[in-house]
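Remarks on the structure that follows.
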Amino acid sequence: MAELIAPTTRLHSAWLEARNEWGPGLHEDGFGLGPSDEVDSPDGFAAWVARLADESGPHAGETGRACTYRWIVEGDRVHGGIALRYGLNDYVQQFGHIGYGIRPSSRRRGLATWALGRILDEARALDLDRVLIVCEVDNLASAKTIEHHGGVLEGVRDTEHGPARRYWITI
């Protein structure tokens, strides 16, 4: 059975396997991976996981990107990641309060829908009243997941990554 867990160095190899399945890049939304993060070595991975822990919680972090990061796992297999970002700063306006990604071989199993429901529970526990979720305009699976949880389309905006759908979910 899947569970959401805080990032951990224990799953370094499993996380690398998931990342390698996606291919290189920073497109795995929900992991909090930045361009300067070196995750291949054990020390680099540990530094990245420590940064995620430092940024965890609504009042944490020095980057202005306070966030709760969770990995979607079953046993020792990392299926994806999901992040709950706090506030309504420029970063959240562009990428949303919630970002998630599921590795290609784990898609079409309902994991994104399940994980989004669990992270919305965390948002509710923090007394958030609504959240913004953004997805690429042609990502129909993500749009369906968001709509399943009551997402209302605000509209489509052009971004540096192409057009994106913007949804609001009232909690």
Side-chain angles (χ1 to χ4, degrees), residues 1-107 109 111-135 142 145-146 149 161 169 171:
M1 171 175 245
E3 60 182 324
L4 293 184
I5 66 166
T8 175
T9 56
R10 178 181 66 81
L11 293 174
H12 184 202
S13 295
W15 187 90
L16 287 175
E17 180 183 300
R19 191 268 323 257
N20 292 341
E21 184 178 317
W22 258 298
L26 303 175
H27 53 276
E28 305 90 8
D29 198 8
F31 281 128
L33 187 62
S36 64
D37 291 315
E38 187 284 302
V39 294
D40 290 315
S41 73
D43 288 344
F45 192 80
W48 173 59
V49 168
R51 179 181 62 77
L52 296 181
D54 288 345
E55 293 177 0
S56 230
H59 306 292
E62 299 175 6
T63 64
R65 295 187 189 162
C67 188
T68 295
Y69 297 99
R70 296 287 182 259
W71 291 352
I72 305 160
V73 302
E74 282 182 298
D76 286 338
R77 182 173 169 85
V78 176
H79 293 289
I82 190 163
L84 173 60
R85 304 173 186 114
Y86 304 103
L88 199 55
N89 57 32
D90 290 342
Y91 190 84
V92 171
Q93 283 286 355
Q94 183 176 359
F95 297 104
H97 288 100
I98 297 172
Y100 55 87
I102 304 293
R103 69 192 285 176
S105 66
S106 296
R107 294 178 185 160
R109 294 184 43 208
L111 288 167
T113 301
W114 171 83
L116 180 54
R118 298 302 70 75
I119 210 76
L120 288 170
D121 290 342
E122 291 193 35
R124 188 175 297 108
L126 293 167
D127 293 326
L128 297 178
D129 53 356
R130 69 184 200 143
V131 293
L132 173 66
I133 305 180
V134 178
C135 70
S142 192
T145 294
I146 296 164
H149 284 286
H161 304 290
I169 295 178
I171 301 174

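The basis for the numbers below is simple: all heavy atoms, side chains too, and nothing from hydrogens, waters or symmetry mates.
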query = Going from OH on Tyr100 to CG on Leu111, what distance comes out if it is rounded to the nearest 0.5 angstrom?
reply = 12.0 Å
request  = For the pair Ile146 and Ile98, evaluate side chain to side chain contact (heavy atoms under 4.5 Å, CB included) and give the outcome as yes or no after the intermediate values.
outcome  = CA-CA 10 Å; Ile146 296 164; Ile98 297 172; over 6 Å; no
request  = Could you please spell out the steps behind the ring-ring contact (aromatic ring centres under 6.0 Å, His included) verdict for Trp22 and Phe31?
outcome  = CA-CA 13 Å; Trp22 258 298; Phe31 281 128; 5.8 Å; yes
query = Heavy atoms, side chains only, cut-off 4.5 Å: are Ile171 and Asp129 in contact?
reply = no
ask   = Closest heavy-atom contact between Leu88 and Val92?
value = CD1-CG1, 3.8 Å
Partners meeting salt bridge (charged side-chain N to carboxylate O under 4.0 Å, His left out) with Arg107 (sequence neighbours left out) = none
query = Within a radius of less than 6.0 Å around CG of Asp90, do more than 12 heavy atoms belonging to other residues, nucleotides or ligands occur?
reply = no
inquiry  = Are the side chains of Tyr69 and Glu55 in contact, using a 4.5 Å heavy-atom criterion?
reply    = yes
Sequence neighbours excluded and cut-off under 3.5 Å, please list the side-chain donor-acceptor pairs for residues 1-10, or say none.
{"residue": "Thr8", "atom": "OG1", "partner": "Arg10", "partner atom": "N", "Å": "3.2"}
{"residue": "Arg10", "atom": "NH1", "partner": "Asp76", "partner atom": "OD1", "Å": "2.8"}

Side chain to side chain contact (heavy atoms under 4.5 Å, CB included) evaluation trace for Leu128 with Leu84 = CA-CA 11 Å; Leu128 297 178; Leu84 173 60; 4.2 Å; yes
Smallest separation among heavy atoms of Arg51 and Gly34, with atom names = NH2-N, 4.0 Å
task = Measure the shortest side-chain to side-chain distance between Leu33 and Trp15 over non-hydrogen atoms and say whether it is less than 4.5 angstrom.
result = yes
ask   = Taking the side chain from His97 and the backbone from Ile133, do they hold a donor-acceptor pair closer than 3.5 Å?
value = no
task = Determine the minimum heavy-atom distance between Glu122 and Thr68, stating which atoms define it.
result = OE1-CG2, 3.5 Å
query = If you round to the nearest 0.5 Å, how far is CD of Glu38 from CG of Asp43?
reply = 8.5 Å
query = How many angstroms lie between atom CZ of Arg103 and atom CZ of Arg77, to the nearest 0.5 angstrom?
reply = 4.0 Å
request  = Drop me the distance from Asp121's CG to Leu116's CG, to the nearest 0.5 angstrom.
outcome  = 10.0 Å
message = Tell me whether His79 contacts the main-chain N or O of Ser105 through its side chain, where contact means a donor paired with an acceptor under 3.5 Å.
response = no
inquiry  = Do Arg19 and Asp40 make a side-chain contact, defined as non-hydrogen atoms from C-beta onward lying under 4.5 Å apart?
reply    = yes
query = Roughly how far, to the nearest 0.5 Å, is the OG atom of Ser56 from the OH atom of Tyr86?
reply = 6.5 Å
